[in-house]
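The first residue in the sequence is number 1, and the count goes up from there. Predicted model only: the values in this text are computed from it and were never measured.
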Amino acid sequence: MSATVFDSDTPLDEPRVIVRRYGGDVEMLKLPWGFQPKEPGGRPFTVVRAEDRSFPSHRCLVPASEFRHRSQGKNYSFRLVNDDWFYFAGIWRPASRDWPEAYAILTIQANDDIAPYHDRQMAVLRRDQRSAWLNRTRPEHEVLRPLPGDSFRISRLHQRRAQAEFAI
């Protein structure tokens, strides 16, 4: 399996790959990002705060090689220092009469690398943590925690470079 750049500016209705346990199997499929808004015409919920919550079912993983974030009008790229790919911890919801099956990503307090850009971050799991999340073999508070400082390599994306990468 390969992972791709997770760009939060990608249209929400563009399906992305997730990994989930469904029945007794683990499957990969593409789902749209975002849960149904509370009010008609509102923006879908793309992230869910993880603190003080339990997620006993409907867990998923979103593979990524890097993520991008805009801070103070500038675009940044965040990669693991070792260039390995990773997962975001997420949850999915079945389709309803008014909304398709979809997923959201869990957020946690930002680690030391990301804190200068934002106080929260999507919950990043290293590949060796994927089973603990999907199979619920460790409590949420042990899995959904910021990675240690110096885990991410951060670079600023310049407008021209970012446009070229999006065209690929």
Between Asp25 (side chain) and Glu27 (backbone), is there a donor-acceptor pair under 3.5 Å? no
State plainly whether the residues Asp84 and Arg127 are in salt-bridge range, i.e. N to O under 4.0 Å. yes
Verify, without hydrogens or angle tests, whether Arg53 (side chain) and Ala50 (backbone) share a donor-acceptor contact under 3.5 angstrom. no
Answer yes or no: are there more than 12 heavy-atom neighbours, outside Arg16 itself, under 6.0 Å from its atom CZ? yes
Any side-chain heavy atom of Leu147 sitting closer than 4.5 Å to one from Arg126? yes
Side-chain contact test, heavy atoms from C-beta onward, threshold under 4.5 Å: evaluate it for Leu61 versus Phe88 and give yes or no. no
Under the 3.5 angstrom rule, does the side chain of Trp133 hit a backbone N or O of Cys60 as a donor-acceptor pair? yes
Just wondering, are more than 12 heavy atoms of other shown residues or ligands nearer than 6.0 Å to CG in Asp98? yes
Counting only heavy atoms from other residues, nucleotides and ligands, does the tally under 6.0 Å from CG of Asp83 exceed 12? yes
Just by distance, no angles: are the side chains of Arg21 and Asn135 close enough, under 3.5 Å, to form a donor-acceptor pair? yes
When you group the ILVMFWY residues by side-chain heavy-atom contacts below 4.5 Å and let the links chain together, are Met122 and Val81 in the same group? no
Look only at the side chain of Asp113 and the backbone of Gly149, and say whether a donor-acceptor pair between them is shorter than 3.5 Å. no
Where do Ala102 and Gly34 come nearest, in terms of heavy atoms and distance? CB-O, 3.2 Å
Nearest heavy atoms of Asn111 and Ser151, plus distance in Å: ND2-CB, 4.4 Å
Chi angles and distances behind the side-chain hydrogen bond (donor to acceptor under 3.5 Å, both in side chains) call for Thr107, Arg120: CA-CA 6 Å; Thr107 65; Arg120 300 201 53 77; 3.1 Å; yes
Heavy-atom check, side chain of Leu29 versus side chain of Glu101, under 4.5 Å: yes
Are Phe67 and Phe152, when compared by the centres of their aromatic rings, separated by less than 6.0 Å? yes
Hydrophobic clustering (ILVMFWY, side-chain heavy atoms < 4.5 Å, transitive) - are Trp99 and Trp92 grouped together? no
Gln121 (side chain) donor-acceptor with Pro146 (main chain) under 3.5 angstrom: no
Rounded to the nearest 0.5 Å, how far does CZ of Phe86 lie from CZ of Arg130? 14.5 Å
In terms of ring plane angle, is the pair Tyr87 and Trp85 parallel, tilted or perpendicular, where the classes change at 30° and 60°? perpendicular
Any sub-3.5 Å donor-acceptor pair from Arg59's side-chain atoms to Leu134's backbone N or O? no
Gap between atom CD of Gln129 and atom CG of Leu144 - 0.5 Å precision: 9.0 Å
Please tell me whether Ser77 and Arg68 have a donor and an acceptor in their side chains that are separated by less than 3.5 angstrom. no
CD (Gln36) with more than 12 external heavy atoms under 6.0 Å: yes
I'd like to check Asn75 versus Arg156 (side-chain heavy atoms, cut-off strictly below 4.5 Å). Are they in contact? no
Hey, does Val62 have a side-chain heavy atom less than 4.5 Å from the side chain of Trp33? no
Between Phe78 and Arg153, is any pair of side-chain heavy atoms under 4.5 Å apart? no
One pair to check against side-chain contact (heavy atoms from CB on, under 4.5 Å): Val48 and Ile91. What are the steps and the verdict? CA-CA 9 Å; Val48 173; Ile91 54 174; 4.2 Å; yes
Interatomic distance, Arg136 atom CZ to Ser131 atom OG [nearest 0.5 angstrom]: 13.0 Å
Gly42 and Pro37 have their tightest heavy-atom pair at O-CG, 3.1 Å
Are side-chain heavy atoms of Leu157 and Tyr76 found at a separation under 4.5 Å? no
Decide if atom CD of Glu39 counts as having more than 12 heavy atoms of other residues, nucleotides or ligands within a radius under 6.0 Å. no
Quick one: does His118's side chain get under 4.5 Å of Ser71's, heavy atoms only? no
Please report the shortest heavy-atom distance between Ala132 and Val143, naming the atom on each side. CB-CG2, 4.0 Å
Donor-acceptor pair, Glu51 side chain versus Gln109 backbone, under 3.5 Å? yes
Crowding at CG, Asp112 (>12 non-hydrogen neighbours, <6.0 Å): no
Geometric cation-pi criterion, Arg20 with Tyr22: 6.0 Å, 45°: yes
Spell out, as yes or no, whether a donor-acceptor pair under 3.5 Å connects the side chain of Arg70 to the backbone of Lys74. no
